[in-house]
Amino acid sequence: MNPIRHVAIIMDGNGRWGLKQNKSRNFGHKAGLKTVEKIIKETIRNKIRFLTLYAFSTENWKRPKKEINFLFNLLENFLINRLDELHKQNIKLKIIGIKNFSTKLNNLLNDSEKKTARNDKLQINLALNYGSKSELINAFKNLHKSKDKLNEKNLIKYLQTNNIPDPDLLIRTGNTKRLSNFLLWQLAYSEIFFEKKLWPEFNEKDYSKIIRNYKSIKRNFGNI
Ligand code: IPE
Ligand code: IPE
Ligand code: MG
């Protein structure tokens with residue numbers, strides 16, 4: 001049975017779900033947050049140490065301002081209302097991506113990371129204004145500055161996921177089969193599951209089923 005240390009998720013399909021309910025795309029984002037809570041619980045139940053959630057990509061700035069503002073308000077309120085609870089559950093929050101939001105949100109994110117920094121049950125990496133290409137360019141730049149030799153071991157020190165094992169498993173909901181600039185380096189050997197359901201419809205059972213399937217896969221890493 002494969003060990004499972006790190007699950008990465010592209011949480012896609014909120015907007016379509018909201019419209020399908022004859023409501024707004026933003027209604028879908030709000031519902032998507034409920035799924036996040038369910039999935040965190042189930043991740044802990046499965047004793048998985050790392051969960052990386054793609055919440056906002058460097059390309060998502062192309063969206064209407066109203067939707068972007070709604071998303072970041074949702075995040076702000078989530079942190080204000082739920083961080084203590086996450087902290088009590090011994091969860092560590094880390095942001096990957098570039099924190100160039102409002103001063104209020106930047107401070108909230110920094111405080112949340114600081115407060116939970118020593119927790120060690122589950123580490124949630126929240127990918128916010130994250131793009132894999134920009135992460136890699138920065139890593140190469142920093143490695144070059146350091147004058148260390150260019151090799152895999154040295155390069156990964158400069159990725160935002162340093163000290164975290166690569167994802168064993170990638171799940172993308174929303175019936176779309178693409179990576180959308182997510183963890184391009186780190187996913188080199190991950191098992192990938194594309195899920196038809198939209199993120200607000202995805203539940204613990206769907207997640208457990210994927211985990212069960214994953215455990216039975218023969219992972220070769222190039223070997224036989
Ligand atoms: C959520 O799904 C992902 C985010 C960027 C927050 P979408 O908002 O992309 O929903 P769809 O794919 O348009 O349905
Ligand atoms: C990927 O979803 C990004 C997040 C889930 C945050 P998108 O909806 O932005 O991806 P594309 O644009 O359809 O590839
Ligand atoms: Mg989408």
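Whatever order the structure lists them in is the order used to number ligands and atoms, beginning at 1.
Side-chain contact of T173 with E195: a donor-acceptor pair under 3.5 Å is absent, judged by distance alone. In this model, a donor atom of one side chain and an acceptor atom of the other lie less than 3.5 Å apart for S57 and N60. No side-chain donor from either of N203 and E201 sits under 3.5 Å from a side-chain acceptor of the other. For Y207 and T43, the side-chain atoms include at least one donor-acceptor pair closer than 3.5 Å. Judged purely by distance below 3.5 Å, without hydrogens or angles, the side chains of S208 and E42 pair a donor atom with an acceptor atom.
Each of the following atoms of ligand 1 lies closer than 4.0 Å to a heavy atom of D12: 2 (O), 7 (P), 9 (O), 10 (O), 11 (P), 12 (O). Per-residue contacts place I10 under 4.0 angstrom from the following atoms of ligand 2 (heavy atoms of the residue considered): 1 (C), 5 (C). Atom numbering of ligand 1 starts at 1 in the shown order; those under 4.0 Å from a heavy atom of N60 are 5 (C). Close approach of ligand 2 to R178 (heavy-atom distance below 4.0 Å) involves ligand atoms 11 (P), 13 (O), 14 (O). Taking a cut-off of under 4.0 Å to the non-hydrogen atoms of M11, the atoms of ligand 1 that pass are 1 (C), 2 (O), 3 (C). Taking every heavy atom of F56 and a limit of under 4.0 angstrom, the matching atoms of ligand 2 come to 6 (C). Each of the following atoms of ligand 2 lies closer than 4.0 Å to a heavy atom of S180: 1 (C), 10 (O), 11 (P), 14 (O).
In terms of protein heavy atoms, atom 10 (O) of ligand 1 is closest to G15 N, 3.0 Å. Here the protein heavy atom with the shortest distance to atom 6 (C) of ligand 1 is A55 O, 3.5 Å.
No part of F182 comes within 4.0 Å of ligand 2, judged by heavy-atom distances. If you look at A127 next to ligand 2, there are no close heavy atoms at all, none under 4.0 Å. The residue S57 has no part lying near ligand 1, judged by heavy-atom distances below 4.0 Å. The proximity of R25 to ligand 1, defined as any non-hydrogen pair under 4.0 Å, is limited to the side chain.
Not less than 6.0 angstrom separates the ring centroid of F56 from the ring centroid of Y130.
By the 6.0 Å contact criterion, CD on E152 is open, its count of non-hydrogen atoms from other residues, nucleotides or ligands being 12 or less.
Residue contact annotation: R63 has a non-hydrogen atom under 4.0 Å from ligand 2. By the 4.0 Å heavy-atom criterion, R16 is excluded from the residues contacting ligand 2. Using a 4.0 Å heavy-atom cutoff, G174 is absent from the residues neighbouring ligand 1.
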Enumerate donor-acceptor pairs with a distance under 3.5 Å from any side-chain N or O in residues 141-150 to protein atoms, sequence neighbours excluded.
{"from": "N142", "atom 1": "ND2", "to": "N138", "atom 2": "O", "distance (Å)": "3.2"}
{"from": "S146", "atom 1": "OG", "to": "L143", "atom 2": "O", "distance (Å)": "2.7"}
{"from": "S146", "atom 1": "OG", "to": "D148", "atom 2": "N", "distance (Å)": "3.1"}

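Two residues are said to be in side-chain contact when any heavy atoms from C-beta on lie closer than 4.5 Å; S190 and L169 fail this criterion. No side-chain heavy atom of K47 sits less than 4.5 Å from a side-chain heavy atom of I4.
Residue Y54 has no nitrogen or oxygen atom sitting less than 3.5 Å from a nitrogen or oxygen atom of ligand 2, judged on distance alone.
Here L75 contributes atom CG and L126 contributes atom CG; the two are 6.0 Å apart, rounded to the nearest 0.5 Å.
Within D12, the N/O/S atom positioned nearest the Mg ion (ligand 3) carries the name OD1.
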I'd like to know whether Y214 forms a side-chain hydrogen bond (donor to acceptor under 3.5 Å, both in side chains) with R219, so could you lay out the CA-CA distance, the side-chain angles of the two residues, the decisive distance to 0.1 Å, and finally the verdict.
CA-CA 9 Å; Y214 159 82; R219 302 186 78 187; 3.0 Å; yes

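Contact annotation for atom 2 (O) of ligand 2: protein present (non-hydrogen atoms, distance under 4.0 Å).
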